[in-house]
Amino acid sequence: MFTDLHLHTNFSDGTYTPEELAGHAHRLGFAAVALTDHDTMEGCARMAAASAAHGIEFIPGSELTCEHEGQELHMLGYFLDAANEKLRVALAKFQGVRVSRIREMVARINALGVKLDVQLVFDIANCRAPGRPHIGRALVKIGVCSGLDEAFDRFLKKGKPAWMPKYRMTAAEAIELIHQAGGLAVLAHPGLYRADHVIPGLVAAGMDGLECIYTRHSTPIIEHYLLIAEEHRLLVTGGSDCHGMNKGQPLIGTTKLPYHFIEKLKARVAARRAG
Ligand code: AMP
Ligand code: ZN
Ligand code: FE
Ligand code: FE
């Protein structure tokens, strides 16, 4: 029995619908999946229904953009109550920040002489959490870039002309938001930040786990983070971070976390909810 606890749909920057994603999970034999779209839980209701139709257990989640000492971090929330009022308000706010940022980034691209209609970006995104990949897809669609990589390299990467920082909550705020919505806070893909020094501060803020098993973590990196998790008594999670066909091959199926890791997460959720 296996699970994948890091997946995106077209409710953020993935390309699969929830139904397509659940279909792939079924084909690959997953017993459980979590949906972790960026700064939104919009896709969770459909993903729950589509998973149930295949007999797959579903864990509602989200990947919250935040920062700690200037470092952008992604905090995964699991077992979140999508109806939680504070969480709904916070997600709406960060979705608003994403929308204004898209407008500003497209204005910068226009200022470079590229005729890109911001409405095309919003049409492609077709969700409340638009991001840079949607601008990239629009640039490819109008023939300005040959692919997403070129769009990031020429316009969208940090330091490139259209790049803009976006207002982010702190990691401590993200952890608190996740906890008050009944969830567990897990640091996504620690191997991508080169910022292990932030981990003790996050543990002090109450973070529950570390995503040690991850498609882009090599075996030595996985072992490195398993040791750190043990040292700080953190839960261990894992996932593929599949975005559908966005980045060439779909990643779902490349990371198969044994199901028993979920039992530990559930025990921690139950303990926290019991006070
Ligand atoms: P945003 O949330 O708007 O800052 O966009 C971040 C998203 O862009 C992440 O989900 C990344 O997967 C994606 N991304 C970052 N760099 C690249 C790149 N070079 N090529 C394609 N996608 C990227
Ligand atoms: Zn993404
Ligand atoms: Fe991420
Ligand atoms: Fe992700």
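Both backbone and side-chain heavy atoms feed into the values below; hydrogens, waters and symmetry mates do not.
The backbone N or O of V198 sits nowhere less than 3.5 Å from a side-chain atom of Q71 that would complete a donor-acceptor pair. Side-chain N or O atoms of S51 include one that pairs as donor or acceptor with a backbone N or O of M47 at under 3.5 Å. Using a distance-only test at 3.5 Å, with no hydrogens or angles considered, no donor-acceptor pair links the side chain of T40 to the main chain of D37. Put simply, the side chain of R101 gets close to the backbone of M164: a donor and an acceptor are under 3.5 Å apart.
Residue pairs meeting the side chain to side chain donor-acceptor pair (under 3.5 Å) criterion with at least one member in residues 227-240, sequence neighbours excluded: D4-S240. Pairs passing the ring pair (Phe, Tyr, Trp, His ring centres under 6.0 Å) check and including a residue from residues 59-87, sequence neighbours excluded, read H38-H74, H74-H189. Within the structure, salt bridge (charged side-chain N to carboxylate O under 4.0 Å, His left out) contacts touching residues 69-84 (residues at least two apart or in different chains) are E72-R168.
Contact annotation: the side chain of N10 never approaches that of T15 to less than 4.5 Å [non-hydrogen atoms, C-beta and beyond]. Considering only heavy atoms from C-beta on, F155 comes within 4.5 Å of V144 through its side chain.
Atom CG of D196 sits about 4.0 Å away from atom NE2 of H224, to the nearest 0.5 Å.
Counting only N and O atoms by type, the side chains of Y214 and D241 include a donor and acceptor under 3.5 Å apart. A side-chain donor-acceptor contact under 3.5 Å links Q180 and N84. Using modelled atom types, one finds no donor on one side chain facing an acceptor on the other under 3.5 Å when comparing E211 with H217.
Just one residue in the list I228, I221, L210 forms a side-chain contact (heavy atoms from CB on, under 4.5 Å) with P190, and that residue is L210.
If you chain together hydrophobic residues whose side chains sit under 4.5 Å apart, L28 and L35 fall into the same group. At a threshold of 4.5 Å between side-chain heavy atoms, the hydrophobic network of Ile, Leu, Val, Met, Phe, Trp and Tyr places M207 and Y193 in one connected group.
Contact check on R268 versus D208 returns a salt bridge, with a Lys/Arg side-chain nitrogen under 4.0 Å from an Asp/Glu carboxylate oxygen. Taking a cutoff of 4.0 Å between a charged side-chain nitrogen and a carboxylate oxygen, K266 and E57 qualify as a salt bridge.
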